[in-house]
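Just below is one structure, and these are the notes that go with it.
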Amino acid sequence: MARHIALLICSLVAMAGSNPIDVDCTRRQDFNIVKDCCAYPTFRFDQFKSQCGNYMPVGAPRISPCLYECIFNETNTVVDGAIHPDKARLMLEKLFGNQDFEEAYLNGLMSCSDSVQEMISNRRPRPQRKTEQCSPFALFYGVCAQRYVFNHCPSSSWSGTESCEMVRLQNMNCSKSSRGSSHRL
Ligand SMILES: *[C@@H]1O[C@H](CO)[C@@H](O)[C@H](O)[C@H]1NC(C)=O
Ligand SMILES: *[C@@H]1O[C@H](CO)[C@@H](O)[C@H](O)[C@H]1NC(C)=O
């Protein structure tokens, strides 16, 4: 695999030397490829069971706004509307227990405030969810950080296939509006 990556890097560098790399921004990202590119660690939500167990119904996906908000609240990760690095680090240590990923997620969270603002202002009203009591702020940070970690996946956890490299190039070089994205949490 290392040789494969080296070859790919060589060919990318060679191409960059002659003419710009052709990143096709209109190509749709195939979720079945994307999901295997970075071997994300498991979120250890059970670490927050005693405080946030209410928001972890059995069998439901662990991506609700309230669960994320509860975890952010319990760890005081947001101070004056911004991610506090030391608190966020403690939260990530509890959540992952994997240093490489803690670092990547922390860098992600720290660089996500603009994206989160954008997600909040682009949010479509969802009348059918009037009962949702929590703000999506923390969840949006999670979504943004997850995307950041994809693009900065620790190399030992990155699959490095050509299709994954292409998705990463697309993420880094195409504006959101031009990208046919199907990348989900
Ligand atoms: C794609 O993005 C990377 C990282 O930002 C940059 O180094 C590279 O030059 C970009 N390539 C193209 C074709 O825009
Ligand atoms: C988190 O804290 C805010 C501010 O104190 C509060 O309004 C909100 O209800 C809390 N959310 C959860 C899920 O505990």
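Sequence positions, counted from 1, serve as the residue numbers for this chain. Order of listing sets the numbers, starting from 1, for every ligand and every atom in it.
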For [Y], is there any backbone N or O sitting under 3.5 Å from a side-chain donor or acceptor partner on [X]?
{"X": "Gln170", "Y": "Asp24", "value": "yes"}
{"X": "Ser135", "Y": "Phe137", "value": "yes"}
{"X": "Arg89", "Y": "Glu102", "value": "no"}

Atom pairs, nitrogen or oxygen, ligand 2 to protein, under 3.5 angstrom:
{"unit_1": "ligand 2", "atom_1": "2 (O)", "unit_2": "Asn73", "atom_2": "OD1", "d": "3.2"}
{"unit_1": "ligand 2", "atom_1": "2 (O)", "unit_2": "Asn73", "atom_2": "ND2", "d": "2.4"}
{"unit_1": "ligand 2", "atom_1": "11 (N)", "unit_2": "Glu69", "atom_2": "OE2", "d": "2.8"}
{"unit_1": "ligand 2", "atom_1": "11 (N)", "unit_2": "Asn73", "atom_2": "ND2", "d": "2.9"}
{"unit_1": "ligand 2", "atom_1": "14 (O)", "unit_2": "Asn73", "atom_2": "ND2", "d": "3.3"}

Output, in order, the C-alpha distance, side-chain angles, deciding distance and verdict of disulfide bond (SG atoms under 2.5 Å apart) for Cys38 and Cys164.
CA-CA 9 Å; Cys38 183; Cys164 291; over 6 Å; no
Is the closest side-chain donor-acceptor distance between Tyr40 and Gln146 under 3.5 Å?
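Checked: Tyr40/Gln146 side chains show no N/O donor-acceptor pair below 3.5 Å.
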Side-chain donor-acceptor pair under 3.5 Å between Gln51 and Asn73, yes or no?
no
